[in-house]
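Notes to accompany the following structure.
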Amino acid sequence: MTTALAAAAGLEFLHLAPAAVRLPPVRRTLARRTAGYGSDPRHLALTFDDGPDPRSTPYVLDALDELGARATFFLLGAMLERAPALGRELVLRGHEVAVHGWHHRQQWYPAPARDLRELRRATEAVTELCGARPLWYRPPYGVLTAGPALAARRLGLRSVLWTAWGRDWTAEATGASVYASARPGLTGGATLLLHDSDCTSAPDSWRATLAALPLIAAHCRGRALTLGPLRDHAVPPLAHRQG
């Protein structure tokens, strides 16, 4: 391998290395905070990705109101730009807004300037259109590569993934299957990943998420767990800074 090729390979490895925190064994040991583990044994962080979506998010919001639960919504800038009023409604209803990027795509190859530009654009959109400054960043597909991770830190965002999911993005998902997939991870200090939009999932898969919410809430009530946003999860956000 030539020196140039070795250098390129090394750069790509450094870029991709943080993606290892997506793997469950690593999440459990080396990156508990990045994975979304909180220190409150009675709190379970409820999070939604890929919105806001006028076709589905309002139904999720109504369901959460009925259950008396609040959540953190990781928003895509491109979706928020098309539905800014819905972004403001999330905050007015007591939910937390966070950043999921501008587009839902993997950032496999190093492009620090692009990563910073796109993440700043999404962060500014969430701040301005929702009227609340976001504290958290979750990369699309949970692949946290070095470029977006460093960009998030520069923008004062803490990167956070999840410790449990409902596999609610598939065409076969039902309320029962989403709950069954999530149930082993519904413990104190956990972070649950769900989706309030099917913009990157099987059409109408959000309906399975909606049907699972009462089951998840009942599970938590039975174990004296509080469903809430990441801001109540006892994981401190980064000190805010722009640059």
Side-chain angles (χ1 to χ4, degrees), residues 22 36 44-67 69-91 93 95-108 118-119 121-122 125-126 129-130 134 136-144 148 160-183 185-186 191-217 219 227 229-230:
R22 187 173 186 244
L44 192 153
L46 178 61
T47 69
F48 294 88
D49 283 8
D50 296 356
D53 191 330
R55 293 178 55 254
S56 50
T57 303
Y59 292 97
V60 173
L61 292 178
D62 288 345
L64 293 176
D65 279 349
E66 291 180 9
L67 296 170
R70 296 296 175 263
T72 299
F73 286 79
F74 284 87
L75 308 180
L76 291 169
M79 296 290 286
L80 178 61
E81 190 176 53
R82 293 194 287 267
L86 189 50
R88 290 190 293 273
E89 185 177 352
L90 287 169
V91 175
R93 292 214 196 183
H95 301 286
E96 184 178 35
V97 289
V99 180
H100 199 34
W102 189 263
H103 299 292
H104 198 281
R105 63 188 181 198
Q106 295 171 334
Q107 307 285 22
W108 286 114
E118 291 189 1
L119 194 55
R121 183 185 181 194
V126 171
L129 297 179
C130 298
W136 317 98
Y137 167 63
R138 175 177 287 158
Y141 303 105
V143 179
L144 184 59
V160 62
L161 302 181
W162 60 86
T163 65
W165 62 14
R167 299 188 63 84
D168 58 343
W169 59 86
T170 67
E172 298 78 20
T174 64
S177 75
V178 171
Y179 171 59
S181 295
R183 183 173 54 196
L186 299 182
T191 293
L192 174 62
L193 165 67
L194 297 172
H195 297 80
D196 63 305
S197 171
D198 62 4
C199 68
T200 63
S201 306
D204 288 334
S205 55
W206 62 270
R207 297 183 185 278
T209 307
L210 192 67
L213 287 176
L215 303 175
I216 292 168
H219 174 100
L227 277 174
L230 280 165

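Residues: numbered from 1 along the sequence shown.
Gly175 and Ala211 get closest at one heavy-atom pair: CA-CB, 3.7 Å. Ser197 approaches Ser56 most closely through the heavy-atom pair CA-OG, 3.6 Å. Heavy-atom minimum distance, Pro148 versus Tyr137: CB-OH, 3.5 Å. Taking each heavy atom of Gly166 and Ser181 in turn, the nearest pair found is O-CB, 3.6 Å. Minimum interatomic distance between Ala212 and Tyr179 (heavy atoms only, all atoms of both residues): CB-N, 4.2 Å. When all heavy atoms are compared, the tightest approach of Ala164 to Ala182 is CB-O, 4.3 Å.
Asp198 and Ser205 share no donor-acceptor pair across their side chains, judged by distance under 3.5 Å alone.
Expressed to the nearest 0.5 Å, how far CG of Asp50 lies from NE2 of His100 amounts to 4.5 Å. In this structure, the separation between CD1 on Ile216 and CG on Leu194 is 5.0 Å, given to the nearest 0.5 Å. Rounded to the nearest 0.5 Å, atoms CG (Asp168) and CG (Leu193) are 6.5 Å apart. Annotation: the span from Leu80 atom CG to Trp102 atom CH2 amounts to 7.0 Å, rounded to 0.5 Å. Going from atom OG1 of Thr200 over to atom CG of Asp49 covers 8.0 Å, rounded to the nearest 0.5 Å. Here Tyr59 contributes atom OH and Asp196 contributes atom CG; the two are 14.0 Å apart, rounded to the nearest 0.5 Å.
Identified under the salt bridge (Lys or Arg N to Asp or Glu O under 4.0 Å) test for residues 69-85, with sequence neighbours left out: Asp65-Arg70.
Contact check for Leu64 versus His95: side-chain heavy atoms found under the 4.5 Å cut-off. Counting heavy atoms from C-beta outward, Leu61 and Leu86 have side chains that approach closer than 4.5 Å. The side-chain heavy atoms of Leu90 and Leu75, taken from C-beta on, include a pair separated by under 4.5 Å.
In this structure, the side chain of Thr174 does not engage the main chain of Ala208 through any donor-acceptor pair within 3.5 Å. Side-chain atoms of His195 do not come within 3.5 Å of backbone N or O of Ser201 as any donor-acceptor pair.
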For Cys199 and Met79, run side chain to side chain contact (heavy atoms under 4.5 Å, CB included): C-alpha distance rounded to whole Å, both residues' side-chain angles, the deciding distance at 0.1 Å, then the answer. CA-CA 9 Å; Cys199 68; Met79 296 290 286; 4.0 Å; yes

Walk me through it: do Val97 and Arg88 pass the test side chain to side chain contact (heavy atoms under 4.5 Å, CB included)? CA-CA 9 Å; Val97 289; Arg88 290 190 293 273; over 6 Å; no

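Partner of Leu46 under the side-chain contact (heavy atoms from CB on, under 4.5 Å) criterion, chosen from Leu227, Leu230, Thr191: Leu227.
The aromatic rings of Phe48 and Phe73 sit parallel to each other, their planes meeting at less than 30°, with 60° as the upper class boundary.
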